[in-house]
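One structure is given below, encoded as structure tokens.
We count residues from 1, following the sequence as given.
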Amino acid sequence: MAPIGGKDAHRSDLVFLLQNDQSQPPLKTPQHVDRMKRNSGDPYWSRLETRVWTVTLLMGTCLLYCARASMPICAVSMSGYFGWDKRQSGIALGSFFWGYCVTQVAGGHLSDKVGGEKVILLSALSWGFITAVTPLAAHVTKDPLLLVSLLRFLMGLFQGVHFPALASLFSQRVRDNERAFTCSAVGCGSQLGTLLIGGVGSVLLEWYGWESVFYFAGFLTLSWGYCLSTYLLKERERIITFEDLGKGFSRSTQTSVSWKRLFRRAAVWAVIIAQLSVASTSFTLFSWVPTFFKERFPDAKGWVFNVVPWLVAIPSAIVSGLLSDYLIAQGKVVLDCNNGYH
């Protein structure tokens with residue numbers, strides 16, 4: 001595979017987004033022309049590579065949510081074990097999102113510079129390790145709430161780069177007419193991971209205790225990271241060097257983005273508001289539904305309320321991806337997030 005990343009990897013995308021939506025012809029940049037060429041230097045994955053990476057990244061996203069949902073599923077048991085009240089349990093649950101919101105933009109920027117594969121791999125190994133050691137850390141400290149909250153905050157930091165890195169990776173490696181379906185297919189991993197940890201985690205919680213849920217998610221993630229590193233990535237793609245970090249924090253002199261013009265676009269604000277609405281509602285349900293059902297229906301089976309609410313999300317995500325690709329192909333989409341106005 002050709003190396004990815006580069007200091008102007010997305011310059012053409014922003015140029016198209018910021019161009020005047022009058023009847024003038026689209027502005028062609030050298031970077032955009034190079035990306036559209038179908039020659040030996042084609043940066044896009046082949047169809048087979050796209051399928052392999054789609055399945056691999058779907059599994060990675062699945063494990064991302066397995067690790068993320070471990071705490072909500074175990075919150076009631078952990079509160080009883082450590083004597084936490086609702087406020088303390090909320091601190092432990094909410095600390096994840098404080099870290100999660102910090103690295104969103106930085107993760108995407110770093111991925112543009114050094115390559116999304118590197119960011120995804122190293123972040124997964126980090127939050128997988130944190131998940132696996134959470135039970136041990138909680139047992140050895142005198143203040144488990146503080147340490148668990150700190151670990152959840154760190155997990156949020158590392159998981160915050162995952163989806164921005166995916167967006168960067170797909171924009172550079174997946175062809176336009178396949179990108180929406182690939183994004184939605186990989187995004188299904190979030191619902192699949194919630195279903196998996198909701199079912200298996202509930203059984204593990206009942207049979208072996210809350211610690212086993214963290215071990216399950218953590219060690220599966222580390223195994224996935226090992227397989228990704230061994231079978232799909234070349235040696236130079238497995239690590240982020242100090243040189244890479246320097247690229248990540250450097251500012252390109254050839255890229256001039258008018259952020260004022262960007263944020264004047266109604267479509268940009270539509271995406272921001274939609275994401276804010278979806279995230280605020282879904283993460284509230286994600287964090288507190290297990291606690292609510294456990295307290296209101298104590299005799300109910302955990303796998304029922306940890307699995308059933310998320311079943312509809314998977315087919316919805318796949319259908320939305322297929323519909324998006326169809327509309328893009330028909331030229332009915334007002335704004336394609338990577339190519340600007342049609």
Side-chain angles (χ1 to χ4, degrees), residues 6-36 43-44 61 100-113 116 160-188 190-191 251-252 254-283 313 316-342:
K7 57 186 178 182
D8 296 317
H10 294 285
R11 182 170 180 262
S12 60
D13 297 339
L14 290 172
V15 168
F16 274 88
L17 182 62
L18 295 171
Q19 70 179 5
N20 195 330
D21 53 346
Q22 303 283 330
S23 58
Q24 61 188 22
L27 176 63
K28 297 289 185 179
T29 66
Q31 291 83 5
H32 184 266
V33 174
D34 289 341
R35 288 179 56 192
M36 297 303 293
Y44 297 112
T61 305
Y100 190 71
C101 67
V102 170
T103 52
Q104 297 278 315
V105 176
H109 178 72
L110 183 62
S111 299
D112 289 347
K113 298 289 186 177
V161 305
H162 182 83
F163 286 103
L166 286 179
S168 174
L169 183 60
F170 292 154
S171 71
Q172 298 176 52
R173 289 306 188 91
V174 181
R175 301 180 190 278
D176 295 346
N177 61 344
E178 300 175 344
R179 194 172 298 157
F181 174 74
T182 302
C183 290
S184 63
V186 172
C188 283
S190 59
Q191 289 81 33
R251 184 175 181 179
S252 174
Q254 300 180 17
T255 302
S256 179
V257 177
S258 176
W259 294 105
K260 290 184 179 180
R261 291 181 61 194
L262 181 66
F263 284 106
R264 288 195 188 108
R265 295 293 185 183
V268 173
W269 283 104
V271 172
I272 292 174
I273 294 172
Q275 176 65 18
L276 177 64
S277 302
V278 171
S280 61
T281 54
S282 63
F283 285 138
S316 299
I318 295 176
V319 170
S320 66
L322 293 172
L323 179 61
S324 298
D325 281 337
Y326 171 77
L327 293 176
I328 290 172
Q330 296 298 315
K332 296 179 181 178
V333 173
V334 177
L335 176 67
D336 172 63
C337 61
N338 294 290
N339 291 329
Y341 283 87
H342 291 261

Q) In Å and rounded to the nearest 0.5 Å, what is the OG to CZ distance from Ser184 to Arg179? A) 13.0 Å
Q | Nearest-0.5 Å distance, CG of residue Leu276 to CH2 of residue Trp269 | A | 10.5 Å
Heavy-atom closest pair, residues [X] and [Y]:
| X | Y | value |
| --- | --- | --- |
| Asp112 | Ser168 | OD1-OG, 2.7 Å |
| Phe170 | Cys183 | CD1-SG, 3.4 Å |
| Gly108 | Pro164 | N-CB, 3.5 Å |
| Thr281 | Ser277 | OG1-O, 2.9 Å |

**Q.** Which residues share a side chain to side chain donor-acceptor pair (under 3.5 Å) with Glu178, sequence neighbours left out
**A.** Arg47
Q) With Thr61, which residues qualify under side chain to side chain contact (heavy atoms under 4.5 Å, CB included), at least two apart? A) His162, Phe163, Leu166, Val186, Ser190
